[in-house]
Amino acid sequence: MELYDLKTEYKCDPLGMDAPHPRFSYKLRGSAAEQSARRIIVQQSDGTVMWDSGWQQSAESIQIVYSGKKLQPHTRYFWRAGVRMEDGCEFLQEKAEAFFETGFAGSAWQGAWIGAYAGEKNMRPVDHFRKKFTLKSDVIKARLFLSALGLYEAELNGVKVGNELFAPGWTDYYSRVQYQVYDAAELLHSGENTLQIQLADGWYSGTIAVLVNTEDHGYGPHPLLRAELHVELADGRKEIICSDTSWECSGSGAIRYSDIYMGEYYDARLEEISDWHNGVFTEEHPEIAMDWQEGAPVRVTEILPPQKITRSRNGCFIVDFGQNITGSELLKLPPLPEGTQIRIRHGEMLQADGSLYVENLRSAKAETIYISKREQPHTYAPRFTFYGFRYLEITGLTEITPDMVSARVIHSDLERTGYFESSDELLNRLYQNAFWGQRGNFLDIPTDCPQRDERQGWSADTQIFAPTASFNYFTPGFYTKWLRDLNACRYFGAFPEIAPYVCKLKDPAHWASGWSDAGLLVPWELFKKYGDTRLLEEYAANMAEYLDVQEKASNGTWLVKNARYGDWLGHDVPLDEEFLTTAYFAGMTRLFVRICRILGQEEEAMRREEMFGQIKAAFLRKFYSPSGELLIKTQSAALLALHFELLPENDNGQTLHILTEDIRKRDTHLSTGFLGTPLLLGTLSRCGKNDLALELLMQKTYPSWLYSVIQGATTFWERWDSWTAEKGFGDVTMNSFNHYAYGAVAEFFYRNICGIQLMEEQGLAGGKQITLSPVFTAKLQFAAGEYESMYGRIISRWEWKNSNELQWHIAIPCNSSARVELPAGWIAAEISENTILPSGEYHLIVTGKEHLK
Ligand code: BGC
């Protein structure tokens, strides 16, 4: 047996981990199916034991909560896991070791918030800070702690510290900011050292904040920096170098501005700074908590070469990377005459005449200006801005060869956990588009889109895509960080529709159904996928308050109306606002009942259950006829009623019939928007309509998922008609080509086509027990899904062998088990009704009685 992938708070060997009671997890592989007991020991480097769990009879290997002595700041702790396996009558024991290191853990910072430019203007030169210091002997250990209200990048003795971009990330800067920790020992030496840091406006005081919050100039008028360098020297001394007014500054470096919406202006002639001066000022911001980084760092994860370079009529070059991405260009320039100006614009699409389509960027200029220095080769990439693009339009060069330009793919660098492939190339591309959609919209926060003057953490987009996102990638840290901000931006008790929210809301009714509900749905997703109950616990009171806001708004009627965005961008007649809000209100109340039960709050569960009954009754009175017929006959209305289980007893399939009839009436097309679409295929499948679900999925004509794929889309579009053959580009006021909301369909590939379903019950969530319930369809020759769960790799791959026989390959990780549900009419020798398979690999032959290929 082997113990592997030991994680503390979802991270391998984290630095700067400040959770007072961190949670541990590990995975097991080998011949045995389940552990019978486990033991965790946490020690300091001198051997002092902080916690010894003792041998616990338990088959649990995730979410093991530290409950030892109080953890100290700036300390490394090692932990070991021991397991006993019950393998026949033999006991095995395996061990593995990991560590975590605390950061400030709530202790005070000595470094001050420092700034260099106090004017109130964004689109200004990036601030440079410099601190020279002497170390009297060799460095044994060094940790550099950095944070900013703005964005920073640091260099120690001319070498970039870490490979993170867009640090410290976007949080609710009114109340909290993250700091990062870097191991800096290798970059320091005995003698004189220089720490140099660039500071840009970023989300804090750049146009992204100013546009949204014109009154108050974003979060603050200018960016600020905070730093501490802790060094342990060979002579036994410890030194701390802190940001303060002794630091030098300059505003005359090469980056004349760098702005998330507008782009970057870089004058390479100014790379050598000659006017370092004093002038650093300090500010006090005790109201802003210094939080550790729970999410993942943003990094360059891939570099794409150009697929095609063409020259357009007006003399500029169009570079096509063949894939719509988020990131920026990387230029490798040959020597150019000094002062040559290169202008680069970014676009997701081309116009019919081959020129760049940039109308959809709205006020975002999204362009790079680069001025060359003396005749020297030069490598350059923008630093504090990102673009959503597939094409570059480059002006100012007389020649471009493929080695001169490439595209840097930039996003939160999460571990990939999901894979899907089938015999259908169009479906595979659709899946890839969802995957790229996530890469394009996971840039420290979950965004709606990466290109226009928006790029905000819209909460509907987030909740809609979270189930797919958490199949594709390991998301718990990423979403936990975002949920902190969603919860920090609650004004008047409701969750906001965007997080982080730049403006402090003044309107109590400023929440929206389907959007604000992310406050319950995203923690629930993390419970389901990762068995995380801590977030449910931490935010249960806020969830309750959100439900209370709705109850109050209903004025005793239990009917609520607050769905500003309706079934956003759907094709139906607008969905009745009261219907939508009340359906969500009911759905969330019921979900909250489950959450209360998980938390052992039975009294509250019963109270909320009773509320659910009232809401459902009011909903039925208003939206169903006495004979049990849904009065609003649209696809999304039927879907919400079915999904939130709001049907009356005498429904008798009528609501499902409304849904299927409407789809058929439209010649097997959907008409749903942001809220209805993610429910569509899963609900049809749950109601036994797999064939219809697959027909819809594989529909090629407009409106459908594959329509965009056939048009050559490499990411999901915001609208079903973002571009159509008949009308060309859709409504330019809002026309993103990298909007992942409709990409939520990819959940169906994992969950239904391959049948990998995670249980939602306490003790079974997080992959402890899974259900394998695939859809075998003659529309595909094979389908293969893999998901790296908290326990290890789950595989479900089926393939037709002959006209009524399939081979189904299953893998279930150690410490987990699977309930196997064959579709009706199928049999396998090993499987009877409700078979629970223990961990292991299985190659089943499955025979269809009636379902012949
Ligand atoms: C965003 C959406 C968002 C919506 C709210 C748009 O501008 O791009 O994805 O959910 O606003 O209606």
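Using modelled atom types, one side-chain atom of T326 and one backbone atom of G440 make a donor-acceptor pair closer than 3.5 Å. Panel note: side chain S412, backbone P297; no donor-acceptor pair is recorded below 3.5 Å.
Take Y391 and apply the ring pair (Phe, Tyr, Trp, His ring centres under 6.0 Å) test, not counting sequence neighbours, and it matches no residue.
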Does the side chain to side chain donor-acceptor pair (under 3.5 Å) test come out yes or no for S258 and Y266, once each step is laid out?
-> CA-CA 8 Å; S258 194; Y266 188 92; over 6 Å; no

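Taking the ring centroids of H222 and F281, they lie under the 6.0 Å cut-off. For Y473 and F435, the ring centers are positioned less than 6.0 Å apart.
Using a cut-off of 4.0 Å between Lys/Arg side-chain N and Asp/Glu carboxylate O, R455 and D448 are scored as not salt-bridged. Here E164 does not pair with R299 in a salt bridge; the nearest charged N to carboxylate O distance is not below 4.0 Å. With respect to E294 and K481, no salt bridge is recorded, no charged nitrogen being found less than 4.0 Å from a carboxylate O. The existence of a salt bridge linking R256 and E264 is excluded, since no basic side-chain nitrogen approaches an acidic carboxylate oxygen closer than 4.0 Å. Under the 4.0 Å criterion applied to side-chain N and carboxylate O atoms, R143 and E101 are assigned as salt-bridge partners.
Among E272, E338, E271, the single residue meeting the salt bridge (Lys or Arg N to Asp or Glu O under 4.0 Å) criterion with K373 is E271.
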For residues 711-718, run the donor-acceptor check on the side chains, cut-off 3.5 Å, and write out each pair with its distance to 0.1 Å, sequence neighbours left out.
unit_1, atom_1, unit_2, atom_2, d
T714, OG1, N324, N, 2.9
T715, OG1, N324, ND2, 3.1
T715, OG1, F737, O, 2.6
E718, OE1, R452, NH1, 2.8
E718, OE1, N735, N, 3.4
E718, OE1, S736, N, 2.8
E718, OE2, R452, NH2, 3.1
E718, OE2, H739, NE2, 3.4

